[in-house]
Amino acid sequence: MTGKPLEGITVLDLTTALAGPYATLLLGGLGARVIKIENPHRGGDSSRGNSPFLTRDGLSATRLDPSDLSVSMMLRGRNKESMTLDLKTVAGVEILHELVQHADVLVENYSDGVTRRLGIDYGSLRTVNPRLVYASITGFGTDSDGGKAMDTIVQALSGVMMTAGEPGDAPIRFGLPIGDLSAPLFSVIGVLSALLEVQRSGQGQHVDVSMLGALTSIVACEPFDAFEELGLPIRTGDWVPRLAPFGTFRASDGWFALCGPTDQFAAAVFAAIGRPDLGVDARFQTRDARVANADELHRMIARWALGRTVTEAVADFTREGAPAAPVRSVAEAVRDPQVLRRGDVVQLEHPSYHTDTELFGSGLPIHFSESKAGLDIPAAPLGAHTDTVLQGLLGYSPSQTDELRRDGVV
């Protein structure tokens with residue numbers, strides 16, 4: 001095995017909350033040196049104040065000791081160094097400029113206009129380092145009129161809230177913050193692409209990804225507007241008529257998912273429910289026929305399912321070759337032996353002490369045949385690496401570092 005793919009790449013992380021930190025988390029998991037720059041006067045990244053906290057005695061809704069760490073930061077702060085720096089001071093901006101000279105990538109998710117006011121926008125920093133890849137993750141794009149964007153706002157504007165549930169239901173907000181999580185994925189793709197361009201041309205560039213653009217782009221991957229044009233329902237509840245038999249069904253002790261959109265899979269479904277004759281029934285023999293009679297077909301499966309447990313139903317479908325799976329709780333899903341073995345989900349660790357509390361967080365679900373990858377370094381306390389960065393990377397003396405700390409710059 002070789003090292004991690006991004007070893008030797010230095011990333012300056014000026015992000016807070018979730019969208020930006022998730023992007024830099026992925027870059028760190030791929031081996032980049034991520035230096036997270038946090039405000040020394042506001043408790044750092046806002047995620048550090050999110051409840052719950054991990055204490056020596058386990059989880060707590062409130063912080064009981066300065067060493068307690070929020071679970072949010074334990075997730076998002078892994079594989080990163082933490083330094084404090086006040087970018088509202090002249091000295092703080094000068095230090096950032098020095099860091100930029102040593103950096104390959106900078107990622108920020110400030111509100112509109114903030115970077116220009118501080119003098120740390122792409123136009124200002126490209127003169128310091130023309131090879132810099134400068135990534136902005138914003139709500140609506142750096143060329144927009146701005147506006148405050150949070151995940152629920154982006155979900156509302158993207159149309160995704162109107163793709164789930166039954167016709168006529170109120171909008172459904174996804175529990176997973178998909179607006180916050182989609183933009184960083186595109187941002188990382190953009191950063192890696194821009195780094196390849198630096199290798200070719202020696203020129204960095206601005207990578208601009210908006211949360212609204214990323215999520216709406218994903219929504220547009222499914223032709224919902226075409227469905228509306230044809231009068232097909234977008235919101236279909238537990239079942240998807242245009243792919244029948246397809247959806248989630250209630251068993252005697254829970255729910256399972258079933259997918260039979262092809263003739264082969266549909267035949268397997270019919271065999272599993274003890275009705276192989278449906279395969280030659282004109283109502284269900286072809287895909288178009290199954291779509292036309294989807295409600296009737298789904299009701300038949302639903303009646304059959306109520307007489308079986310989830311385990312029995314899934315076993316019946318699996319035996320016949322129809323894709324089926326239990327609907328699991330989050331607690332069950334993150335403890336799946338397969339995802340744990342592959343490191344797609346990993347246990348979280350406090351950087352200072354061990355507890356018996358079992359906490360799971362996202363791993364890096366990318367597996368290379370030769371390279372390593374993974375989120376294997378616990379999140380750091382606020383400012384834990386300030387001296388290391390100033391003295392080790394920039395060559396500051398201990399006395400200079402102490403003076404900056406006395407002046408409130410770090």
Side-chain angles (χ1 to χ4, degrees), residues 139-140 147-183 210-262 265-266 269-270 273 275 278 281 283-284 286-308 310 313-314 317 322-330 332-333:
F140 307 106
K148 300 297 184 183
M150 302 189 79
D151 178 82
T152 298
I153 301 299
V154 171
Q155 286 195 37
L157 292 172
S158 72
V160 74
M161 287 186 177
M162 303 303 290
T163 65
E166 301 278 356
D169 279 356
I172 294 179
R173 183 185 66 82
F174 282 59
L176 186 72
I178 53 175
D180 275 325
L181 293 173
S182 55
S210 77
M211 292 167 60
L212 178 62
L215 186 54
T216 308
S217 175
I218 291 174
V219 170
C221 281
E222 189 77 347
F224 289 117
D225 57 337
F227 298 160
E228 284 191 302
E229 184 72 20
L230 292 172
L232 298 174
I234 292 177
R235 311 178 78 185
T236 60
D238 297 334
W239 305 332
V240 184
R242 63 187 176 82
L243 298 174
F246 199 105
T248 54
F249 296 84
R250 184 189 291 275
S252 62
D253 62 345
W255 291 77
F256 64 88
L258 174 66
C259 301
T262 67
F265 287 149
V269 171
F270 300 154
I273 66 172
R275 293 294 307 275
L278 296 179
D281 188 315
R283 296 171 299 167
F284 311 116
T286 66
R287 178 166 178 172
D288 286 346
R290 291 190 294 275
V291 170
N293 296 282
D295 285 348
E296 183 179 1
L297 176 56
H298 285 144
R299 284 194 293 268
M300 292 172 59
I301 298 171
R303 288 193 295 270
W304 173 87
L306 287 174
R308 282 156 178 78
V310 170
V314 170
F317 289 120
V327 176
R328 300 190 295 198
S329 69
V330 173
E332 292 170 327

Mind running side chain to side chain contact (heavy atoms under 4.5 Å, CB included) on Leu297 and Phe270 for me, showing each step along the way? CA-CA 10 Å; Leu297 176 56; Phe270 300 154; 3.7 Å; yes
What verdict does the side chain to side chain contact (heavy atoms under 4.5 Å, CB included) test give for Phe317 and Val269, after you've listed the backbone C-alpha separation in whole Å, the side-chain angles of each residue and the deciding distance to 0.1 Å? CA-CA 6 Å; Phe317 289 120; Val269 171; 3.9 Å; yes
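- Each salt bridge (charged side-chain N to carboxylate O under 4.0 Å, His left out) pair with one or both residues in residues 221-232, not counting sequence neighbours, appears once here: Glu222-Arg242.
- Under the 30°/60° scheme for interplanar angles, the aromatic rings of Phe249 and His298 are found to be tilted.
- Partners of Met161 under the side chain to side chain contact (heavy atoms under 4.5 Å, CB included) rule, at least two apart in sequence or in another chain, are Thr152, Gln155, Ala156, Pro171, Arg173.
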Under the criterion side chain to side chain contact (heavy atoms under 4.5 Å, CB included), I'd like the reasoning laid out for Phe140 against Leu157: C-alpha separation, chi angles, the key distance, then a yes or no. CA-CA 11 Å; Phe140 307 106; Leu157 292 172; 3.6 Å; yes
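- Met300 and Leu278 make their closest contact through CE-CD1, 3.4 Å (heavy atoms, listed as atom of the first residue, atom of the second, distance).
- Thr163 OG1 to Phe227 CZ: the interatomic distance, rounded to the nearest 0.5 Å, is 11.0 Å.
- Applying the salt bridge (charged side-chain N to carboxylate O under 4.0 Å, His left out) test to every pair with at least one member in residues 289-308, sequence neighbours left out, gives these pairs: Asp263-Arg290, Arg283-Glu296, Arg308-Asp316.
- You'll find the side chain of Phe265 stays beyond 4.5 Å of the side chain of Cys259, heavy atoms only.
- Contact check for Ile218 versus Ile178: no side-chain heavy atoms found under the 4.5 Å cut-off.
- Using a 4.5 Å heavy-atom cutoff, the side chains of Arg287 and Thr262 are not in contact.
- Across all non-hydrogen atoms, the minimal contact from Val154 to Ala149 is CG2-CB, 4.2 Å.
- Here the closest heavy-atom approach between residue Ser158 and residue Leu215 is recorded as OG-CD2, 3.4 Å.
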Applying side chain to side chain contact (heavy atoms under 4.5 Å, CB included), run through Met150 and Asp180 and close with a yes or a no. CA-CA 8 Å; Met150 302 189 79; Asp180 275 325; over 6 Å; no
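- The heavy-atom pair separating Val314 from Ala324 by the smallest distance is CG1-O, 3.9 Å.
- With hydrogens and angles ignored, the 3.5 Å screen pairs a side-chain donor or acceptor of Asp151 with a backbone N or O of Gly179.
- In the displayed structure, Met162 atom CE is contacted under 6.0 Å by more than 12 heavy atoms of other residues, nucleotides or ligands.
- The closest donor-acceptor contact from the side chain of Arg250 to the backbone of Trp255 lies at 3.5 Å or more, if one exists at all.
- The two residues Ala302 and Trp239 have their closest heavy-atom pair at CB-CZ2, 4.0 Å.
- Closest approach of Ala294 and Ala244 over heavy atoms only: CB-CB, 3.7 Å.
- Here the side chain of Asp253 pairs a donor or acceptor atom with the backbone of Val310 at under 3.5 angstrom.
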